[in-house]
Structures are given as structure tokens and as C-alpha cells.
Asker: 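My questions all concern the structure below.
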Amino acid sequence: MSTAYPINEIFETIQGEGQFTGVPSIFVRLQGCPVGCPWCDTQHTWELKEAARVGASGVVNKAGPSEQWAELSAADIVALFREQGYQAKHVVITGGEPAMYDLRPLAAELEPLGYRLQIETSGTFTLLVSADTWVTVSPKLDMPGGYLVRPDCMQRADEIKYPVAMQKHIDALDNLLSRCPPRPEVSISLQPISQRPRATELAIKTCIARNWRLSVQLHKYLNIE
Ligand SMILES: C[S@@+](CC[C@H](N)C(=O)[O-])C[C@H]1O[C@@H](n2cnc3c(N)ncnc32)[C@H](O)[C@@H]1O
Ligand SMILES: Nc1nc2[nH]cc(C(=O)O)c2c(=O)[nH]1
Ligand code: SF4
Ligand SMILES: [Mg+2]
């Protein structure tokens with residue numbers, strides 16, 4: 001039997017975060033996350049409720065955020081990309097926490113067709129991704145769910161993208177980076193939480209001081225998905 005994934009939504013847009021900002025992308029958002037970040041902008045993806053299960057058409061180009069999800073195989077997902085006429089070749093797997101699932105069957109279906117995969121993850125689950133998947137680790141430190149960032153995820157990361165609002169968040173990141181240093185070529189970006197002006201000022205100031213990058217969730221400034 002082929003692997004099936006609980007999918008919250010599939011849509012095509014511009015990647016608004018991190019190193020691939022500006023790249024046309026198909027987003028595949030998986031349902032379910034136990035990490036519990038209080039400021040999470042996708043809290044509707046946290047729980048996988050049987051009552052919220054729908055068919056494939058209920059998760060394509062959704063009009064707005066909802067808890068509804070559909071169970072789709074890798075083959076279903078490819079068929080859907082074709083039906084929709086999506087042009088992007090960059091596929092962002094996000095959530096929820098997509099690293100709770102084995103993403104290798106999805107990569108095995110998509111990569112031979114010329115798609116490049118990127119995963120957005122908190123780094124709290126063992127990564128089951130293809131060798132060519134771009135791994136964006138957005139470390140989650142001291143969150144209510146009690147999950148810890150895994151050293152193997154920090155090692156595998158192709159970029160580190162860290163949400164910040166206060167100096168104590170930067171201090172916690174410094175602590176993580178000293179315990180689990182990423183590979184030397186890996187870029188670090190700070191992402192202000194929810195476009196708050198004070199968070200943005202702190203991120204800018206710290207990026208300049210550290211020679212890190214700024215990631216501003218471009219889609220929220222553009223009012224697109
Ligand atoms: C919604 S998460 C889903 C993927 C995965 N669970 C994770 O945390 O990386 C996608 C990205 O959005 C970031 N994010 C979530 N809520 C945010 C907010 N309110 N402001 C800025 N970034 C946020 C996360 O840190 C992560 O980089
Ligand atoms: N445009 C756009 N870019 C994104 N980059 C990461 C996102 C996410 O929710 O993981 C996201 C998203 O939801 N929309
Ligand atoms: S790990 Fe990601 S999806 Fe989960 S609560 Fe935190 S930001 Fe939201
Ligand atoms: Mg988002």
C-alpha cells in the first residue's frame with residue numbers, strides 16, 4: 001500500500017520566507033503539529049480530527065484557513081498538480097510539522113518529474129527526506145509541547161530560519177548554535193514574529209551585528225497566501 005499523507009492544503013504562490021524568497025512554489029501543507037508555539041500562524045493545522053476529514057477537492061486552493069484535511073498519496077498529489085496546471089517546480093512541504101511523516105515516497109514521486117523539494121521544519125523530529133531535499137530548520141526552543149531540537153536536524157539543515165520577538169529568543173538561539181553548530185556554509189536568518197515593529201527592529205539590528213539574513217514573510221506584506 002502506498003504512503004498516504006494528511007494534507008491541510010495545496011496551493012501555488014511565491015515562497016515568502018528564507019533563502020528561496022521570491023521563488024514560485026507549490027505549497028503542500030500537512031496536518032498535525034504537537035510543538036505548540038504560542039504565536040504560530042497556522043494553529044488550524046495542529047490537530048488531526050476525524051470529523052474534519054474531506055475529499056481532495058476540499059484542500060486545493062482553499063479560500064481561507066481551516067482544520068479540514070484530506071488523505072492523499074504521493075500519486076494523488078502529482079495528479080492534483082497536473083489537474084491544477086501548476087507551473088512551479090519548487091515544492092514547499094510545510095505544516096503543521098511535516099517531519100512527523102516519511103517524506104521519501106513523496107520525493108520519489110516528485111523528483112523524477114523535475115520538482116525540487118523544500119521542507120519547513122521545527123527540527124524536533126527525525127528527518128525522513130530525500131538527499132536532494134532542501135531542509136529549512138526553524139528551531140523551536142522551550143515550547144509548550146516539550147519537544148527538543150535534534151542535533152541531527154541541525155547537522156542536516158541547509159538553512160536556519162529563526163522566529164524572533166525578544167532578546168531572550170536570540171539568547172536561546174545562541175545557546176543552541178553553540179551546542180549544535182550548523183555546517184559552516186549554512187545561512188542563518190531571523191524572521192520577525194508576526195510583523196511586529198519591535199520584533200522587526202530587533203531582527204534588523206541583530207542581523208547587521210551578526211552578518212545574518214533577514215526573512216520578513218514577504219507574503220504577509222503582499223497580502224497573498
Ligand atoms: C507554520 S511553520 C510550519 C513548519 C514547521 N512546523 C516549522 O515550524 O518550521 C512555517 C514557518 O513559519 C514560521 N512561523 C510560524 N508562525 C510565525 C509567526 N507568527 N511569525 C513569523 N514566523 C512564523 C515558523 O517558524 C516556520 O519557519
Ligand atoms: N507565501 C508563503 N510562503 C511561505 N513560506 C513558508 C510558509 C509556511 O507556512 O510554511 C509560507 C506560506 O504560508 N506562504
Ligand atoms: S512547530 Fe511550526 S506548525 Fe508547529 S506550532 Fe510551531 S510554528 Fe506552528
Ligand atoms: Mg505560513
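The model shown is predicted, which means the values in this text are computed figures rather than measured ones.
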Asker: In terms of side-chain heavy atoms, does Q118 have a donor or acceptor partner in D158 at a distance below 3.5 Å?
Answerer: no
Asker: Counting only heavy atoms not in R82 (residues, nucleotides, ligands), do more than 12 fall under 6.0 Å from its CZ?
Answerer: no
Asker: Counting only heavy atoms not in D171 (residues, nucleotides, ligands), do more than 12 fall under 6.0 Å from its CG?
Answerer: yes
Asker: Indicate yes or no for a side-chain donor-acceptor contact from N8 to the backbone of S66 under 3.5 Å, with no hydrogens or angles considered.
Answerer: yes
Asker: Can you confirm whether R198 is buried at CZ, in the sense that more than 12 heavy atoms of other residues, nucleotides or ligands lie under 6.0 Å from that atom?
Answerer: no
Asker: Near K205 NZ, under 6.0 Å, is it more than 12 heavy atoms from other residues, nucleotides or ligands?
Answerer: no
Asker: Do other residues, nucleotides or ligands put more than 12 heavy atoms under 6.0 Å from the NZ atom of K89?
Answerer: yes
Asker: Begin with the C-alpha distance, continue with both residues' side-chain angles, and end with the deciding distance and a verdict on ring pair (Phe, Tyr, Trp, His ring centres under 6.0 Å) for H90 and F20.
Answerer: CA-CA 9 Å; H90 188 74; F20 286 97; 4.5 Å; yes
Asker: Could you work out, with side-chain contact (heavy atoms from CB on, under 4.5 Å) as the rule, every residue matching L128, not counting sequence neighbours?
Answerer: D102, R104
Asker: Looking only at non-hydrogen atoms, find the nearest pair between R156 and A131 and report the distance.
Answerer: NH2-O, 3.3 Å
Asker: Grab the two heavy atoms, one from P182 and one from L177, that are nearest each other, plus how far apart they are.
Answerer: CD-CD2, 3.7 Å
Asker: Is atom CD of Q87 surrounded by more than 12 heavy atoms (other residues, nucleotides or ligands) closer than 6.0 Å?
Answerer: no
Asker: Report the residue from V28, L72, L103 that forms a side-chain contact (heavy atoms from CB on, under 4.5 Å) with Y5.
Answerer: L103
Asker: Using ring centroids (six-membered ring only for Trp), state whether Y115 and F81 fall under 6.0 Å.
Answerer: yes
